[in-house]
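The structure appears right after this line, and notes come after that.
These numbers come from a predicted model, not from an experiment. The first residue in the sequence is number 1, and the count goes up from there.
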Amino acid sequence: MKLMLLLLSVLPIGLMAQINESDTLKFKANLALTGVYQSGNVETLIYRAKSDLSIRPWEKWVYKTQNSYVYQEFGKEKADEDILSLNFVYFDPDQRIYPLVLSFISTNFRREIDLRYLLGAGATFKVVDADKDWLKVSLTSEYEQTEFAQADFNRNEYDGQATLDTFRGTIWINGQYKVLNEKLVISHESYYQPSLEDGRNYRWQGDLGLEV
């Protein structure tokens, strides 16, 4: 016997939850909730929540936050419980080049990250800025500190240090394109984030979204 519960989005949301900081709207919000429960040979519980918020409190200032929570349990044993909060402040994003400040907070159960925070600043360059399509590249520099639940790593030089910190430089690329008479929206977000102190310490991520 199987039982599945799905909580659909309570507000419209795209595949990428993309918020364009140069949007003229003063307030924009999305919320998506998804829950799955399955019983049988392996009892499964999955819950995901994701929210996006963009506020323009003054004419030239935009605050944007993206937050997510994931919990997964298989056979009544926790497999994931992760929190991610991405926060940005943009100044005068209607210009082709504009500054930004960012702060990230995250946890990761599987990677045994109790808390990671990142603070930084930089600038965004509008490569394409059309009515239907846009492409942006951002360059930022950040300070990052991570507190781990243990101090035994796959790289021995870090063993014994439950708290690690470093300075990073990051390139961000994101864009959105409307094709086929605007019936299909293609969006992408990606970044490459190396440590400025250790070239072997880096991370990257890429996401592609298609919306009909």
Between Ala162 and Ala151, what is the shortest heavy-atom contact and its length?
N-CB, 3.9 Å
To the nearest 0.5 Å, how far apart are CD1 in Ile46 and CG in Asp80?
9.0 Å
Would you check if Val137 and Ile171 make a side-chain contact, meaning some heavy-atom pair closer than 4.5 Å?
yes
Taking Ile113 as the starting point, is it possible to reach Leu164 by hopping between hydrophobic residues whose side chains are less than 4.5 Å apart?
yes
Can you tell which of Leu119, Thr170, Leu196 makes a side-chain contact (heavy atoms from CB on, under 4.5 Å) with Glu142?
Thr170
Taking a hydrophobic cluster as the set of Ile, Leu, Val, Met, Phe, Trp and Tyr residues connected by side-chain heavy atoms closer than 4.5 Å, whether directly or through intermediates, do Ile173 and Ile186 fall within one such cluster?
yes
With Ile105, which of Leu84, Leu118, Leu115 fulfils side-chain contact (heavy atoms from CB on, under 4.5 Å)?
Leu115
In Å, rounded to the nearest 0.5 Å, how long is the span from CG of Asp114 to CD of Gln150?
9.5 Å
Give a yes-or-no answer on whether the side chains of Glu189 and Asn174 include a donor-acceptor pair shorter than 3.5 Å.
no
In Å and rounded to the nearest 0.5 Å, what is the NZ to CG distance from Lys50 to Leu31?
11.5 Å
Is it the case that the side chain of Asp94 and the backbone of Lys60 share a donor-acceptor pair, with hydrogens and angles ignored and the cut-off at 3.5 Å?
no
Do Pro194 and Asn201 have side-chain heavy atoms sitting under 4.5 Å apart?
no
Dump the intermediate steps for side-chain contact (heavy atoms from CB on, under 4.5 Å) on His188 and Tyr177, then the final yes or no.
CA-CA 9 Å; His188 63 86; Tyr177 320 98; 2.7 Å; yes
Check the hydrophobic clustering (I, L, V, M, F, W, Y; side-chain heavy atoms under 4.5 Å; chains of links allowed) and say if Val62 and Leu86 are grouped together.
yes
Please lay out, stage by stage, how Asp165 and Thr163 fare under the test side-chain hydrogen bond (donor to acceptor under 3.5 Å, both in side chains).
CA-CA 7 Å; Asp165 60 341; Thr163 299; over 6 Å; no
Derivation of the side-chain contact (heavy atoms from CB on, under 4.5 Å) call for Val185 and Gln176
CA-CA 7 Å; Val185 179; Gln176 180 175 281; 3.6 Å; yes
Please check if any side-chain donor atom of Ser54 sits under 3.5 Å from a side-chain acceptor atom of Asp52, or the reverse.
no
For Asn108 and Arg110, indicate whether the former's side chain and the latter's backbone hold a donor-acceptor pair under 3.5 Å.
yes
Using the rule given for side-chain contact (heavy atoms from CB on, under 4.5 Å), can you reason through Gln38 versus Glu43, listing the C-alpha separation, both sets of side-chain angles and the distance that settles it, and then say yes or no?
CA-CA 6 Å; Gln38 177 179 294; Glu43 186 176 298; over 6 Å; no
Side-chain heavy atoms nearer than 4.5 Å, only ILVMFWY residues, links allowed to pass through others: does that put Ile55 and Trp58 together?
no
For the hydrophobic clusters of this structure (ILVMFWY residues joined by side-chain heavy atoms under 4.5 Å, transitively), does one cluster hold both Tyr143 and Tyr202?
no
So how far is it from Lys136 NZ to Ile97 CD1, rounded to the nearest 0.5 Å?
13.0 Å
With a 4.5 Å heavy-atom cut-off, do Gln161 and Asp159 have their side chains touching?
no
Is there side-chain contact between Arg56 and Pro93, with heavy atoms separated by less than 4.5 Å?
yes
With distance as the sole criterion, is a donor-acceptor pair present between the side chains of Asp207 and Gln205 under 3.5 Å?
yes
Please report the closest heavy-atom contact between Ser195 and Thr166, naming both atoms and the distance.
OG-OG1, 2.7 Å
Does atom NZ (Lys78) have a neighbourhood of more than 12 heavy atoms from anything else shown, all under 6.0 Å?
yes
Asp82 CG to Ser68 OG distance, which is reported to the nearest 0.5 Å
8.0 Å
Closest approach of Val42 to Gly75 (non-hydrogen atoms, all atoms of both residues)
CG1-N, 3.9 Å
Output yes when Arg203 and Glu144 qualify as a salt bridge under the 4.0 Å nitrogen-oxygen rule, no when they do not.
yes
Starting at OG of Ser187, measure out to CG of Leu210 and round the result to the nearest 0.5 Å.
7.5 Å
Taking the ring of Tyr71 and the ring of Tyr47, is the distance between their centroids below 6.0 Å?
no
Nearest heavy-atom pair of Thr124 and Ser138: which atoms, and what distance?
OG1-OG, 2.6 Å
Would you check if there is a donor-acceptor pair between the side chains of Tyr69 and Glu81 at a distance under 3.5 Å?
yes
Shortest non-hydrogen contact from Leu53 to Ala29?
CD1-CB, 4.0 Å
Leu139 vs Phe125, test: side-chain contact (heavy atoms from CB on, under 4.5 Å). Steps then yes/no.
CA-CA 8 Å; Leu139 297 174; Phe125 306 86; 4.1 Å; yes
Quick one, Arg116 with Glu147, criterion salt bridge (charged side-chain N to carboxylate O under 4.0 Å, His left out). Give me CA distance, side-chain angles, the key distance, then yes/no.
CA-CA 6 Å; Arg116 168 177 287 159; Glu147 298 177 6; over 6 Å; no
Do Val36 and Leu45 make a side-chain contact, defined as non-hydrogen atoms from C-beta onward lying under 4.5 Å apart?
no
Quick one: are the ring centres of Trp172 and Tyr191 less than 6.0 Å apart?
yes
Looking at Phe88, Tyr98, Tyr90, Phe91, which one forms a ring-ring contact (aromatic ring centres under 6.0 Å, His included) with Trp61?
Phe91
Under the criterion salt bridge (charged side-chain N to carboxylate O under 4.0 Å, His left out), I'd like the reasoning laid out for Arg200 against Glu157: C-alpha separation, chi angles, the key distance, then a yes or no.
CA-CA 12 Å; Arg200 295 171 297 177; Glu157 60 266 35; 3.4 Å; yes
Lys126 and Arg96 have their tightest heavy-atom pair at O-NH1, 2.6 Å
